[in-house]
Every structure is written in structure tokens, then in C-alpha cells.
Amino acid sequence: MKYISTRGQSPALTFEEAMLTGLARDGGLYVPETWPTLSADEIAGFAGKSYEEVAFAVMKPFIGDTFTDIEFLEIIHKSYASFGHLARCPIVQLDENHFLLELFHGPTLAFKDVAMQLIGQMFEKALGRRGDKVTIVGATSGDTGSAAIEAFKGLDAVDVFIMFPDGRVSDVQRRQMTTPTESNVHALAVDGDFDDCQALLKDMFNDFDFRDGVKLAGVNSINWARVLAQVVYYFTSAVSVGAPHRKVSFTVPTGNFGDIFAGYVAKRMGLPIDRLVIATNQNDILHRTLQTGDHTKTGVNPSISPSMDIQVSSNFERLVFDLYDREGAAVAQLMTALKDDGTFTLSQGALGKLKDEFDSGRCSEEQTSKAIKIAFQDVNEVLCPHSAIGVHVANTIPRDETVPMITLATAHPAKFPAAVEAACGVHPELPGRMADLFERDERMTKVGNDLSAVEALIRERVGV
Ligand SMILES: *Cc1c(COP(=O)(O)O)cnc(C)c1O
């Protein structure tokens, strides 16, 4: 399996190369050259299998010979041993035909752990074999950063730098990034919003002198391996409610479009997914795009679901590539317009294809709080604000009631205690293993929204 860039101007890479690189040199994102498929019989055979067994079967066609079967199984088992639930990603029932997929049982209590734990193990194996060292730089709206730090802390072959928007992440999120004591962990509080952090990261990847000098690697959801790891739970959850013998739909709280793109991949692989529903907060660029094809940035409006406070939805580029029949030049043109003018418009053909697979809904701040309250009152389920957005949208968009709906619960409520308590009166407790989070010492460096200053700091810390 080879990986090609969505902008068509970078050489094809192996899985290992694409994983260690992150962003393509032409500014594009790596995607598999073709979508491998699983037969209905193979999918039916997942019933009753462990999460780890399904993970192996779903991801194997994508990794080529990067790892032997034995190595890959060992990586998968190590990755999920840290999860606080035996099913890894269990589902609970909300009502007759609506299910909640709990993706928050990993070490930092958000779905990012599902992919990040796996990437940590894969990096360690691949770099160890090469005798290489890399510098991982990530941008986070809160959850990616803590998940990356948890996955990479203490590893010899990496330094990990995480840029987060100063003052715009929750106290739990910040403390998860600033309290680890390992010397290879560097938390950078950027004077800006998440899109500024993400733009800094992209600019570092496009500064080839810096990129090569520090051996830059990316673990944001622009990294294909992240998306891949998330494909697995679409299969496990769909099978547990009756696929492939019946169709299933998913509603996904969306920011950077990584998680829901994984659902699209599952569908391409043969999972009978009826609808994929994009759920946004008030930062609704994806909802607007689906309604009219107009993809215009409006500036980020901070919300009580901060992990979705995004207007530059990086992984959408991967879908755009397919919507434009995999023509890199067309994608490059749209992405240049987005960067230069803050806008592009999808062609009618592309918009039609988008609407064939996806629906969308937007959830206001007030509706988010109300959804938390109702879920607690009606089914005694305490939702984080992001998950509540999914539940609200799934419950309010027009849909085929005969098809089971699975809504992704992307974080544990204890990561966002203030918003949850204000909405439903319950103070969600942190699980025992992190009960002392607020007693630990914090360590972070404040930086301006300034590329050369941040690059200089990173060079100094890694000594190149
Ligand atoms: C990252 C995140 C999202 C958005 O996921 P994307 O893959 O960026 O669309 C939603 N909810 C939570 C809790 C997150 O951490």
C-alpha cells in the first residue's frame, strides 16, 4: 500500500514514511492510493472478537510490511492495555435506536487516546529499528496535546512539543499537558487561538530548513496513522448493533474532520454505513459548507466545547480530494484560495457527492447545555459538551428511524467539569488514577504567535 498526497506534487510513500512524516512537502495530506475492502463475511466475523483482534484485521491492509504480524499485534495490545474498560470503546444505549459510543476510557479521557497510544507504540518500534530520533510538534485545542504527551513521554527517540492556545483550554486539559515531569515533554502556551497554533505548525512543516534540521514529525490528525486507528471503532460498534446485516448511521462531533473522516474510510472499506452526520458547535464552517458549498472562515468564537473551536478543518482536504475525483491540482487550487482569501466554494458536482454521504447539524451553546441536562434527566447519562452536541444533532436532524444511530462520545465529562455542572448540577469526578491532578506542579513556556521565535526555542531545546 502506497500513500499519495492530496495535492499531487509529492512522491508516493510507504506507510512507515507517511507516518513518520505527517504533512506532505507540497502542503497536502497523505491518503492511501486505493481503499482496501473487507467482505461482508469478514465483517460479520468480527462479532464476538476482541477490540484488539478487530483492530488488527481492519488496519492490516494499510500498513504494508512496516511491521510483521507479530509485531503489529504486540503494538496493538500494548496500546490499549492502558484503557480503563475491557471493551476499550464500549457502547451504551440512549433510547430504542440510539447508541452512544464511549471513546473516553484512555489515559487522558478523550478519544484522541485511541489513535495516539497506537502511534506512540508504532513510532517507538519504527524509530528504534532505524536508530533515529525525531522532534514531534503538535498543535492542540486541548485533547490532542495531552494525548500526545501521554503517549510519547519518556520515550528516548522523541522530543514532544505541544502548542496550545493560552487561556483557551480547560484546567484539566492544561494540567494534563503541564504536569508530566519527563524531560522530553515541552508544553508551549501560545498567545493566540487554535487556528494560530495549527498555522504555526503548518508553517514549520513548510520551512524545510527547520523541518529537516530538527527532524520534524507531526502527530496531529493530519497524520494518516491517526485517522487509521479511528477507523477501527466504527467497525466494532457497527457490528455490535447488527452490521453488516443491517445499515448503521453515525453522528460525530466534529472539529478538524479527522474522526468523521475515519467513518468515511470505514464506509469505503465496505462497512454498510447509511448516513454520516457532521455535528458542529457555533463554529459551524462544516455545517455551512454542507448546506451551500460555501467554505468561508469567519474567525473562531470560543465555546463550552473548546476541542471543536476550529475553522480550518484540516482533514476536510482528504474528503475534498475524493470529491474532486482525486485530482491534486484541483485540491491545491482550493486550498490556496482558503489560505489566501479565507474561502473557497465547492463545485456543484463535489457538493452533490458530499450530500450523498453526509448530513450536518449545528448546536448552539444553549442547546449544548440543554442536551447535557436532558441526557442526565432522561437516561442518567452525564455527557461532556462535545458528546452532547452529537446527541443533540442526532436527535434533531431528520433521519430514517429504522436505522440505528451511533453517536460518538468523544470525551469524559470530568474533562469539562464547569460546563457540565452548570448544565446539569452534577460535578463529574476524575477517575481515581488522576485524582491528584490539581496537586501536581505545572511546567510550561509562554510564547508569542511568532514562527521564528517558536522555531528558535525548539532548536535550542533539542540542541540543533
Ligand atoms: C478532537 C476532539 C473533537 C473533534 O475531533 P476531530 O477529529 O478534530 O473532528 C471532538 N471532541 C473532542 C472531545 C475532541 O477532543
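We number each residue from 1, following the sequence as shown. Source: prediction; values computed, not measured. Counting convention: from 1, in listed order, for ligands and their atoms alike.
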Trainee: Output yes when Arg268 and Glu357 qualify as a salt bridge under the 4.0 Å nitrogen-oxygen rule, no when they do not.
Mentor: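 The answer is yes: the pair qualifies as a salt bridge.
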Trainee: Using a 4.0 Å cut-off to any heavy atom of Asp259, which atoms of ligand 1 qualify?
Mentor: 7 (O)
Trainee: Please tell me whether Asp309 and Asn283 have a donor and an acceptor in their side chains that are separated by less than 3.5 angstrom.
Mentor: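 Yes.
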Trainee: Tell me which protein heavy atom sits closest to atom 4 (C) of ligand 1, plus the residue, atom name and distance to 0.1 Å.
Mentor: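 Ranked first by proximity to atom 4 (C) of ligand 1 is Gly255 N, 3.6 Å.
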Trainee: Check each of Met308, Lys112, Arg226, Gln173 against atom 2 (C) of ligand 1 and report the one with the nearest heavy atom.
Mentor: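 Answer by nearest heavy atom: Lys112.
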Trainee: In ligand 1, which numbered atoms sit nearer than 4.0 Å to a non-hydrogen atom of Gly258?
Mentor: 6 (P), 7 (O), 9 (O)
Trainee: Determine whether the side chains of Glu317 and Thr6 contain a donor N or O and an acceptor N or O closer than 3.5 Å.
Mentor: yes
Trainee: Who are the side-chain contact (heavy atoms from CB on, under 4.5 Å) partners of Glu421, not counting sequence neighbours?
Mentor: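 side-chain contact (heavy atoms from CB on, under 4.5 Å) list for Glu421, sorted by chain: His427.
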Trainee: Identify the protein heavy atom lying closest to atom 8 (O) of ligand 1, giving its residue, its atom name and the separation to 0.1 Å.
Mentor: Asn256 N, 2.7 Å
Trainee: Flag yes if more than 12 heavy atoms outside Gln93 fall under 6.0 Å of its CD atom; otherwise flag no.
Mentor: yes
Trainee: Can you confirm whether or not the ring centre of His105 sits under 6.0 Å from the ring centre of Phe83?
Mentor: no
Trainee: Report the nearest protein non-hydrogen atom to atom 11 (N) of ligand 1: residue, atom name, distance rounded to 0.1 Å.
Mentor: Thr410 OG1, 2.8 Å
Trainee: Would Lys353 and Asp356 count as a salt bridge (Lys or Arg N to Asp or Glu O under 4.0 Å) if you check the C-alpha gap in whole Å, the side-chain angles of each, and the deciding distance to 0.1 Å?
Mentor: CA-CA 5 Å; Lys353 283 192 218 165; Asp356 283 346; over 6 Å; no
Trainee: Give the atoms of ligand 1, by number and element, whose distance to some non-hydrogen atom of Phe257 is under 4.0 Å.
Mentor: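 Near Phe257, the atoms of ligand 1 are 6 (P), 8 (O), 9 (O).
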Trainee: Considering only heavy atoms, does Phe111 approach ligand 1 within less than 4.0 Å through its side chain, its backbone, both, or neither?
Mentor: side chain
Trainee: Ignoring angles and geometry beyond distance, decide whether Ala110 reaches within less than 3.5 Å of ligand 1 through its nitrogen or oxygen atoms.
Mentor: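 Such a contact does not occur with ligand 1.
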Trainee: Looking at Thr254, which atoms of ligand 1 are within less than 4.0 Å of one of its heavy atoms?
Mentor: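 Heavy-atom distances to Thr254 below 4.0 Å select 9 (O).
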Trainee: Please determine whether any non-hydrogen atom of Phe261 lies less than 4.0 Å from an atom of ligand 1.
Mentor: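 The answer is no, since Phe261 has no heavy atom less than 4.0 Å from ligand 1.
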Trainee: Check the side chains of Thr289 and His295 for a donor-acceptor pair under 3.5 angstrom, ignoring hydrogens and angles.
Mentor: yes
Trainee: Other residues, nucleotides and ligands only: do more than 12 of their heavy atoms fall within 6.0 Å of NZ on Lys339?
Mentor: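 Count not over threshold, so no.
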Trainee: Which ligand 1 atoms does Pro253 reach within 4.0 Å, using its non-hydrogen atoms?
Mentor: 4 (C), 10 (C)
Trainee: At a 4.0 Å threshold, what atoms of ligand 1 neighbour a non-hydrogen atom of Asp143?
Mentor: 12 (C), 13 (C), 14 (C), 15 (O)
